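Note that this is a predicted model, so its numbers are computed, not measured.
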Amino acid sequence: MISAKEAYDIATPKLDEYREFLDKKIREAANKGETSVIVRESPYDMWLYIETELDDRDAKRCIKELRDLGYTVSHFYKEGSQFVDVGLFIDWGKNK
């Protein structure tokens with residue numbers, strides 16, 4: 001029989017990794033006095049491109065947890081003259 005940890009790892013293979021990464025990004029921005037952060041690293045940058053089509057269960061759990069904790073989470077998209085800037089926008093500002 002598998003252990004509880006093994007079962008957790010099967011059920012949520014990326015959840016802890018995602019949580020730790022996003023927590024670090026939020027803390028870094030907050031420590032600089034910022035009230036939002038744009039996460040441009042993959043796979044986070046495309047999580048909310050088409051939110052209804054996101055099939056990563058752990059990503060969905062992280063997004064839900066962030067929103068439940070009071071963050072505004074949305075897709076950041078900005079077209080430039082040659083490039084498109086995309087990311088996961090996380091905001092914790094008072095005037096959201």
Notebook entry, point to check: Can you tell me how far the OH atom of Y44 sits from the SG atom of C62, to the nearest 0.5 Å?
Noted result: 7.5 Å
Note to self: Does any part of the side chain of I26, heavy atoms only, come nearer than 4.5 Å to the side chain of Y71, both counted from C-beta?
What the structure shows: yes
Notebook entry, point to check: Side-chain contact, heavy-atom cut-off 4.5 Å: I90 with T72?
Noted result: no
Check: Is it true that a side-chain atom of K14 and a backbone atom of A59 form a donor plus acceptor pair closer than 3.5 Å?
Finding: no
Notebook entry, point to check: Can you list the residues that meet the side chain to side chain contact (heavy atoms under 4.5 Å, CB included) rule with T12, with sequence neighbours excluded?
Noted result: Y8, L15, D58, R61
Notebook entry, point to check: Among all residues two or more places apart in sequence or in another chain, which pass the side chain to side chain contact (heavy atoms under 4.5 Å, CB included) test with A29?
Noted result: E34, V37, W92
Check: Got a second to check how far L66's CG is from D23's CG, nearest 0.5 Å?
Finding: 9.5 Å
Item checked: Residue list, side chain to side chain donor-acceptor pair (under 3.5 Å) with E41, at least two apart or on another chain -> K25
Margin query: Just to verify, what does E51 make a side chain to side chain donor-acceptor pair (under 3.5 Å) with, not counting sequence neighbours?
Written below: R67
Notebook entry, point to check: How would you list all residue pairs meeting salt bridge (charged side-chain N to carboxylate O under 4.0 Å, His left out) that involve residues 73-86, not counting sequence neighbours?
Noted result: R40-D85
Check: With hydrophobic residues grouped by side-chain heavy-atom distances under 4.5 Å, do F89 and Y77 end up in a single group?
Finding: no
Next item on the list: Name all residues meeting the ring-ring contact (aromatic ring centres under 6.0 Å, His included) criterion together with Y49; count only those two or more places apart in sequence or in a different chain, and write none if there are none.
Entry: H75
Next item on the list: Rounded to the nearest 0.5 Å, what's the gap from NZ on K24 to CD on E20? Could you check?
Entry: 10.5 Å
Note to self: Tell me every residue that passes side chain to side chain contact (heavy atoms under 4.5 Å, CB included) with I10, counting only those two or more places apart in sequence or in another chain.
What the structure shows: I2
Note to self: Within a 6.0 Å radius of atom NZ on K64, are there more than 12 heavy atoms belonging to other residues, nucleotides or ligands?
What the structure shows: no
Notebook entry, point to check: With Y18, which residues qualify under side chain to side chain donor-acceptor pair (under 3.5 Å), at least two apart?
Noted result: D56
Next item on the list: Determine whether I50 and M46 fall in the same hydrophobic cluster, where Ile, Leu, Val, Met, Phe, Trp and Tyr are linked whenever their side-chain heavy atoms lie under 4.5 Å apart.
Entry: yes
Next item on the list: Just jot down the salt bridge (Lys or Arg N to Asp or Glu O under 4.0 Å) partners of R57, sequence neighbours excluded, or say none.
Entry: none
Check: Do you reckon F21 sits in the same ILVMFWY cluster as L69, going by side-chain contacts under 4.5 Å, direct or chained?
Finding: yes
Next item on the list: Please identify each residue that fulfils side chain to side chain donor-acceptor pair (under 3.5 Å) with D55, with sequence neighbours left out.
Entry: none
Checklist line | Side-chain heavy-atom pair D45, L88 within 4.5 angstrom cut-off | finding: no
Item checked: Non-neighbouring partners of F76 that pass ring-ring contact (aromatic ring centres under 6.0 Å, His included), sequence neighbours left out -> none
Checklist line | Within-4.5 Å side-chain heavy-atom neighbours: I63 and W47 | finding: yes
Item checked: Under the side chain to side chain contact (heavy atoms under 4.5 Å, CB included) test, residues paired with K5 that sit two or more places apart -> S3, D9
